[in-house]
Number of protein chains: 4
Amino acid sequence: MKLRDENKIARIYKATLKLVKATGLSGVTMQAVAKEAKIATGTLYIYFQNKETLIASLFQACIKNSQGSFFKNYDAKAPFKVGFHTIWLNVLHHRLLRFEESLFIEQAFHSPYIDEQIKVEAKKMFEPLKELLARGKKEHLVKDVDNFWLTAFMIGSINEISRRVNYYNKKLNPEVIDLNFQLCWDGIKA
Amino acid sequence: MKLRDENKIARIYKATLKLVKATGLSGVTMQAVAKEAKIATGTLYIYFQNKETLIASLFQACIKNSQGSFFKNYDAKAPFKVGFHTIWLNVLHHRLLRFEESLFIEQAFHSPYIDEQIKVEAKKMFEPLKELLARGKKEHLVKDVDNFWLTAFMIGSINEISRRVNYYNKKLNPEVIDLNFQLCWDGIKA
Amino acid sequence: MKLRDENKIARIYKATLKLVKATGLSGVTMQAVAKEAKIATGTLYIYFQNKETLIASLFQACIKNSQGSFFKNYDAKAPFKVGFHTIWLNVLHHRLLRFEESLFIEQAFHSPYIDEQIKVEAKKMFEPLKELLARGKKEHLVKDVDNFWLTAFMIGSINEISRRVNYYNKKLNPEVIDLNFQLCWDGIKA
Amino acid sequence: MKLRDENKIARIYKATLKLVKATGLSGVTMQAVAKEAKIATGTLYIYFQNKETLIASLFQACIKNSQGSFFKNYDAKAPFKVGFHTIWLNVLHHRLLRFEESLFIEQAFHSPYIDEQIKVEAKKMFEPLKELLARGKKEHLVKDVDNFWLTAFMIGSINEISRRVNYYNKKLNPEVIDLNFQLCWDGIKA
DNA sequence: GATGAATGAGCCTTCATTCAT
DNA sequence: TATGAATGAAGGCTCATTCAT
């Protein structure tokens, strides 16, 4: 008996992300995914019940993946700025390295494939960041602004950086990264 | 293509935007657009050569529309902060009021309907802002950071605000708007 | 504007019946129906929402059709035997002439396309016959057996005749028809 | 194809019949049969070359099965009416008890799985009955009607009884069975 | 022999586009 | 110009069959 090849799921995900980047979500056909993943169309349906399930599964995988990256090496007990810097860099690096995933999330978010419940999950992604910002406010290091807006400010600016790096083929060097961090830091600091 | 009924184009655009918000770009079918615009399918093809033309035209209309709004009431000769504040508010208001258009631009940008040339056009949108920032730097009011990153910072954070207002059904009051502006301003100021 | 051609429905029905006879219900593909009816596949979906609807509609049309034929020229006030003979002949002729319809009903009945509700309708087909048999019993011309079994007896034997005429390519002449009627009549008569 | 496990064939047949009753012949997929029979898909192909072979084999098994039942306890030398009654009851009981098989035969008969040759075989099923009827005619007990029509009459009416018992969930008691036999007997008797 | 993952042709259905009115 | 029926290619999905284990 042929063994079910769990690695195939990774290949399917990769193929899907590549297609989303190349043609947008509307260009993602099961046929195209299968071809890109070098499997037969029918095989897709062994691993995913249908297209919706494939998209939703990948969406959740991307979300989970993000969460893992954002708080890597983050020490909740380190000084506020150290922690904030770590997370800021993590988010930026994740967005840059996994730009396809960000793009996919953005495109899938408004598609009929993602239902409300999954979206609710996605919104919990930044909890640890919010806790850090709360601490920052207690320590009078951060402006007294609702975390909701502070995270919007931080994430929004990072997203735009990664978008531009990709669309304009810009290179980022450590110096430029520092400048960008400074913009954000000066923005939130009390 | 002689366009008799300019108003019909507006209805078609409106219908398209509504559908994108409701179902994503993949839910935009010529049939659905026609129905929503209350015209016959064939009529669509009197006004637009094909689907690609419709999407591309709407895309360009949205871009043009943005540009018009962003610099409304903007006086290039006013003091820097006044000008910057005006533009910041204009961009925010435009994104909020015309959220469907932003969504459409986001979704269409990666679709096969928008070719590279149109994207290049879109990128010129912020020229006046860049000039203002250049002046701000000359006047030592703004950090010495490439306009490319300064605009990314400003636009990215505004985009995220409008996105959240929509997804989380948040209400913005003048006070909150001020706080958000403060974040941005403190970020860019020298 | 092209006018919707109601005659197309007849062509679709005819094509479907032909295919059922040739290949059974499982050989009825929308593609094959369209080809046989000389229209495009998509056109089928203008006239029928989906395959299920097509099959169910045809089923109901066949049932209605049967009812119309069975009691054609039947006079409820004529002497019992005349009435019975009329109906018996009508049913036989209908089954013979419209064998494809009978076949279709038989095959569709057990398919997932026909839901319970439609079946219930189909069962009401023989009401006038039952009334006639009731009268026959009152007049002591017919055995005192439940109409349910009397009609089963009559219809079952007629069905088998038409089946055999078709499968064995038998010809029926008036004499043979008379003999067969005699079998049925002697069966039910008191 | 060496068939090791004869019992598995029985399970496959049973599964197929169950599926035909539940969903019609079009619902019979090799996957579904395998699942219902609790074997792997591939295993089906050890016992049957392909789907056509499976259907055709089952068809022939059902025919053979019928023949066995129809003339069980039938003594060709017993008085005519006794013999006729025996066969009539046998056919009825078989149809009732093995309704699924009748259904399958009905559905499969028109499918592309059963070729002409098999159908010819099936038609020989009633030879002993025909011989009995010939004797009945010689003894002036039966109408002088071609056996072809006499058997059609008998079988057709029995089939309809069993169909109705199943579709209308009717119960048959010995008395009702007797009444139905009487209808048939009065029909054929000289 | 037994398994069930893998395959890809083919089915149902949709949709961009055309065309007769 | 406006209409919407008609078209058929293409997309989502299924299923008979094969094959590696």
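Chain naming here is simple, since letters A, B, ... match the order of the sequence lines and numbering starts at 1 in each.
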d(CD1, I55(A); P, dC13(F)) in whole Å | 11 Å
Atom CD1 of I46(B) and atom C1' of dA2(F): how far apart are they, to the nearest Å?
-> 5 Å
Pairing residues for K51(C) by the salt bridge (charged side-chain N to carboxylate O under 4.0 Å, His left out) criterion, not counting sequence neighbours = none
Partners passing salt bridge (charged side-chain N to carboxylate O under 4.0 Å, His left out) against K18(B) (at least two apart in sequence or in another chain) | E36(B)
Set out, line by line, the N/O atom pairs under 3.5 Å between protein and nucleotides 15-19 of chain F.
residue	atom	partner	partner atom	Å
dA16(F)	OP1	K51(D)	NZ	2.9
dA16(F)	OP2	M30(D)	N	2.4
dA16(F)	N7	Q31(D)	NE2	3.1
dT17(F)	OP2	Y45(D)	OH	3.2
dT17(F)	OP2	K51(D)	N	2.8

Ring centers of F48(A), Y13(A) separated by less than 6.0 Å | yes
Within this structure, what is the CG-to-P distance between L44(A) and dG12(F), rounded to whole angstrom?
-> 10 Å
Can you name the salt bridge (charged side-chain N to carboxylate O under 4.0 Å, His left out) partners of R163(B), sequence neighbours left out?
-> E106(B), E160(B)
F104(C) ring center within less than 6.0 Å of H110(D) ring center | no
Over how many whole Å does the gap from R11(C) atom CZ to dA5(F) atom C1' extend?
-> 13 Å
Note, DNA chain F 5' to 3' with Watson-Crick or G-U pairs under 3.5 Å encoded as ( ), [ ], | and . gives .||||||||||||||||||||
For K38(B), the salt bridge (charged side-chain N to carboxylate O under 4.0 Å, His left out) test, sequence neighbours excluded, returns none
Does atom NZ of K8(C) have more than 12 heavy-atom neighbours from other groups under 6.0 Å away?
-> yes
Assess the pair F109(D) and Y167(C): is the distance between their ring centroids shorter than 6.0 Å?
-> yes
Look at Y47(C) and dA5(F) and indicate whether a side-chain polar atom (N or O) is within less than 4.0 Å of OP1 or OP2.
-> no
N or O in side chain of K8(A) less than 4.0 angstrom from dA6(E) OP1/OP2 | yes
Figure out the CG/C1' separation between L54(A) and dG11(F), and round it to whole Å.
-> 14 Å
Where do T23(D) and G27(D) come nearest, in terms of heavy atoms and distance?
-> OG1-CA, 3.2 Å
Here the distance between atom P of dC15(E) and atom CG of L19(B), to the nearest Å, is 11 Å
Looking only at side-chain N and O atoms, does K35(B) come under 4.0 Å of OP1 or OP2 in dG4(F)?
-> no
5'-most by nearest nucleotide on DNA chain E - I39(A) or A40(D) = A40(D)
